[in-house]
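See below for the structure under consideration.
By convention in this document, chain letters (A, B, ...) are assigned in the order of the sequence lines, proteins followed by strands, and residues within each chain are numbered from 1.
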Amino acid sequence: MFQKQLSTLALAAALGLGLVQPVAADALLRIGLQQEPTTLDPTSDATASIAGMLGQNVYESLTTVDESGAVLPQLAESWDVSEDGLTYTFHLAEGVTFHDGTAFDAQDVKFTFDRAMGEDSVNPAKRYFNVIEKVEVVDPQTVKMVLKQPDAFFLFNVAQGSASILAPESAEDAKTAPVGTGPFRFEGWTRGDRLKLAKNDDHRDAGEVALDRVEFRFVADPASAAAALMAGEIDAYPGFGAPEMLPQFEADPRFKVSVGSTEGEVILAMNNSKAPFTDQRVREAVNHALDRDEIIEGAMYGRAVPIGSFYPPHGAGYVDLTDRWPHDTAKAKALFEEAGIAGDTLTIRVPPFAYATRSAEIIQTELADAGIDAKVEAVEWGFWLDEVYKKQNYDMTIIAHTSPNDLGNFAKGPEYFYGYDNADYDTLWNAITVESDEAKRNALEREAQHFLADSAVMGFLFQLPKLSIVRADVTGLWGSSPVTFQPLSGVRIGSDM
Amino acid sequence: MRRFPVNLVLGAALAGSVTLVALLSFIWTPYDHAAIAVTNKFASPSFAHWLGTDQLGRDVVSQLMVAARNSMIVAFVSVVLGGGIGIVLGVYASARGGWVENLIMRVSDLSLAFPALLFAIMLAAVFGPSLQNTVIAIAFINIPIFARISRGAANQVWTREFMLAGQAAGMGRMTLTFDHVMPNIAAAIIVQATIEFAVALLAEAALSYLGLGAQPPAPSWGRMLSDAQTLLYLAPQLAIYPGLCIVISVLGFGLLGDSIRDLSDPRLRRER
């Protein structure tokens with residue numbers, strides 16, 4: 001009797017499952033993130049996680065980049081480049097619509113680029129667009145761009161989140177309600193908690209998109225993130241902050257762990273426009289005080305590669321300059337004394353990311369050994385963007401620059417938060433951008449690395465690794481990050497699909 | 001027949017030893033508590049490092065000792081500060097009576113209705129995390145507690161005959177408060193202060209666990225505990241040590257306060 005009842009139940013359950021299967025197959029991927037942005041417009045804010053969530057997912061750009069860093073077509077299905085490298089003609093995909101139903105055509109491209117190039121543009125990557133002379137609409141499916149000078153990175157740059165194509169009808173609300181042409185629609189953002197995306201069934205490649213819904217959960221604290229992963233509340237955490245917990249996940253068959261590379265140079269930024277950092281001796285002293293091995297072992301548990309300048313070690317033009325200012329506390333002390341600031345108090349304002357707060361604690365003692373009383377101030381991301389990044393109101397800070405090809409950061413002029421202004425370097429950077437020959441460009445990039453290391457502009461610490469913890473049945477997430485975005489159209493859950 | 005006061009002795013022993021260790025840390029710790037030696041991280045207990053080293057190779061014993069000192073200072077200053085203000089308000093309310101008493105007591109009732117720790121977290125979040133703001137936050141939540149206790153005790157004193165005699169002799173209410181009310185409520189306040197000291201220790205640990213208390217490199221049990229969270233798999237002992245310290249100190253001062261109260265309460269004393 002009991003057994004019979006049981007089998008009836010099982011049958012009923014099976015039937016029930018069979019009936020609800022099409023609905024239950026709703027594939028939801030929950031991704032944990034360390035950094036919550038304060039706004040959602042990738043064309044007006046430098047926060048990497050905006051492009052990280054929306055770039056090539058909600059928004060699309062003319063081109064895109066794959067995991068190896070190669071440029072691929074996106075909204076532009078093909079392009080022609082003139083002999084002199086100055087004119088780019090983009091042939092746009094047909095039948096593309098924005099999520100609000102408006103059609104995408106060449107006018108939208110012109111609008112987007114004019115907006116980013118304009119005098120009052122707040123685009124965080126304005127330098128990408130400075131090189132453009134004019135944007136012309138040839139016909140609704142063709143756009144022509146004329147450059148002031150050749151730009152070796154141009155096709156790569158227009159793939160980035162900051163070059164996301166917006167429509168004039170919806171661009172104004174992009175800060176809270178992003179509307180793009182991508183494979184996912186923006187569904188909602190609960191501040192402090194999560195951001196939701198849903199599959200865009202009208203997308204031209206909708207058939208190949210496996211995920212129905214995506215949720216980004218903002219969990220900055222690694223301990224909470226680990227608990228959420230263990231409890232099955234998060235399916236993937238691509239930028240995990242606590243390397244000491246990786247062995248625990250590696251031993252757990254429910255998860256895949258990977259250590260990949262990012263374009264993120266982690267630097268101890270010094271405010272070059274503010275005393276005492278206007279004095280090269282002070283910057284050299286800070287560099288001598290730093291012990292990268294100790295920082296990497298202590299903060300990253302050895303899972304990072306040291307850098308001596310502002311260039312990723314896996315890049316083609318890399319040169320190892322980690323010995324430019326070898327760790328030498330006595331020398332640092334002497335230089336601080338020579339500069340007359342021994343015993344002074346300096347503040348390190350750190351954003352709420354594990355790599356930054358942990359490095360700060362070690363750097364604090366290293367500076368103390370060299371006779372500088374460093375005060376560590378842990379601040380919120382919004383505060384950091386406002387006070388440090390926009391107002392240059394800081395002595396030192398620790399931050400990872402995850403954008404690719406960002407040697408140009410030091411050519412952004414004194415109003416950029418480095419406060420660095422050097423005409424020779426600007427010339428050098430310009431030479432890099434116009435050089436189309438890769439070998440020559442790499443040589444120039446090496447020169448630029450030497451330049452920055454020699455002037456001890458910053459304390460260059462290490463290349464941020466990409467520590468990913470992903471549920472074992474999730475495939476398609478990138479193990480490395482050549483760009484700040486992460487396309488989700490190729491991500492799948494389970495093997496049956 | 002009086003029973004052996006187990007709680008009192010145990011409480012005094014625990015609280016006393018924590019206090020001693022905290023005092024000792026002023027003149028001696030095995031190592032500089034902030035000295036980093038990353039190559040020697042997660043060392044096991046040994047003669048060199050009695051409880052081993054933490055994730056940055058810092059000596060755990062030295063950190064626990066200095067953290068004890070910091071916690072005790074925070075608890076002491078905040079109880080003295082909050083208690084002082086609360087007592088003044090309480091006895092003043094009692095001496096004046098009328099609307100002044102009503103106003104002071106209603107305001108303190110109102111602030112008591114607020115969850116104390118939540119309030120301290122709010123203060124620390126608004127004014128920024130630091131040791132100083134932790135003290136202020138914990139002192140603040142102590143004000144209404146002491147105001148209530150001292151006003152209640154003072155009101156009892158005011159009903160006594162010697163107070164009536166004093167008033168009849170023409171002594172002012174303030175003079176009476178200082179000469180007669182204060183000495184008579186002292187015992188009740190000392191008991192309360194001991195109990196609140198334990199609460200303050202716990203509050204400090206909670207605030208620094210949340211990153212709102214002492215900032216690095218100043219060690220604190222709460223922060224050591226939160227740092228150890230991601231290390232539970234690698235080095236669980238790093239969570240156990242500060243956790244034990246919190247338990248020992250809070251238990252010690254809690255037991256001490258409770259048993260002094262029991263001793264000083266005449267009704268309870270008669271029962272024994």
Side-chain angles (χ1 to χ4, degrees), chain A residues 219-227 229-230 240-252 289-302 327 329 347-350 352 354 357-369 373-380 383 467 469, chain B residues 31-43 53-59 62-63 66-67 121 124-134 207-220 222-239 242-243:
Chain A
V219 192
D221 175 37
S224 316
L229 279 162
M230 291 281 185
F240 196 68
E244 70 274 25
M245 297 188 85
L246 292 188
Q248 187 174 346
F249 285 98
E250 278 162 350
D252 191 329
L290 297 174
D291 180 351
R292 290 191 191 83
D293 294 339
E294 186 172 76
I295 296 167
I296 290 169
E297 191 53 45
M300 305 303 296
Y301 288 76
H327 172 58
T329 304
T347 308
I348 310 178
R349 287 196 149 155
V350 282
T357 50
R358 290 171 178 212
S359 303
E361 199 172 347
I362 301 167
I363 291 171
Q364 182 179 39
T365 49
E366 288 171 355
L367 286 172
D369 291 342
D373 177 19
K375 222 175 111 235
V376 174
E377 224 177 85
V379 301
E380 295 294 322
F383 182 94
L467 310 178
I469 303 173
Chain B
Y31 294 88
D32 173 4
H33 68 87
I36 285 177
V38 174
T39 45
N40 191 30
K41 65 182 173 187
F42 302 127
T53 60
D54 74 355
Q55 70 275 15
L56 295 179
R58 293 171 296 200
D59 181 52
S62 307
Q63 286 201 75
V66 179
I121 290 171
V126 170
F127 295 107
S130 74
L131 206 61
Q132 191 185 329
N133 288 342
T134 313
L207 285 175
S208 47
Y209 175 81
L210 295 171
L212 297 170
Q215 295 299 301
S220 92
R223 199 156 42 75
M224 288 173 80
L225 204 54
S226 86
D227 282 351
Q229 260 191 132
T230 58
L231 301 166
L232 279 176
Y233 186 80
L234 272 183
Q237 73 275 15
L238 292 178

Partners meeting salt bridge (Lys or Arg N to Asp or Glu O under 4.0 Å) with Glu380(A) (sequence neighbours left out): none
Chain B contact via Gln364(A) - side chain, backbone, both or neither, heavy atoms under 4.5 Å: side chain
Closest approach of Ala251(A) to Tyr233(B) (non-hydrogen atoms, all atoms of both residues): CB-OH, 3.8 Å
Atom pair CD (Gln215(B)) and CD (Glu361(A)), whose distance is rounded to the nearest 0.5 Å: 10.0 Å
Option in Glu366(A), Glu294(A), Glu377(A), Lys375(A) with maximal non-hydrogen atom pairs under 4.5 Å from chain B: Glu294(A)
Contact origin within Ile36(B) toward chain A - heavy atom pairs under 4.5 Å: both
Counterpart residues, salt bridge (Lys or Arg N to Asp or Glu O under 4.0 Å), relative to Arg358(A) (two or more places apart): Glu244(A)
Which atom of Pro222(A) lies closest to which atom of Thr230(B), heavy atoms considered: CB-CG2, 4.1 Å
Chain B contact via Ile362(A) - which portion, at a heavy-atom distance below 4.5 Å: both
Contact origin within Ala226(A) toward chain B - heavy atom pairs under 4.5 Å: neither
Heavy-atom neighbours of Gln132(B) CD exceed 12 at 6.0 Å: no
Greatest number of heavy atom pairs closer than 4.5 Å to chain A - which of Ala34(B), Gly211(B), Pro217(B): Pro217(B)
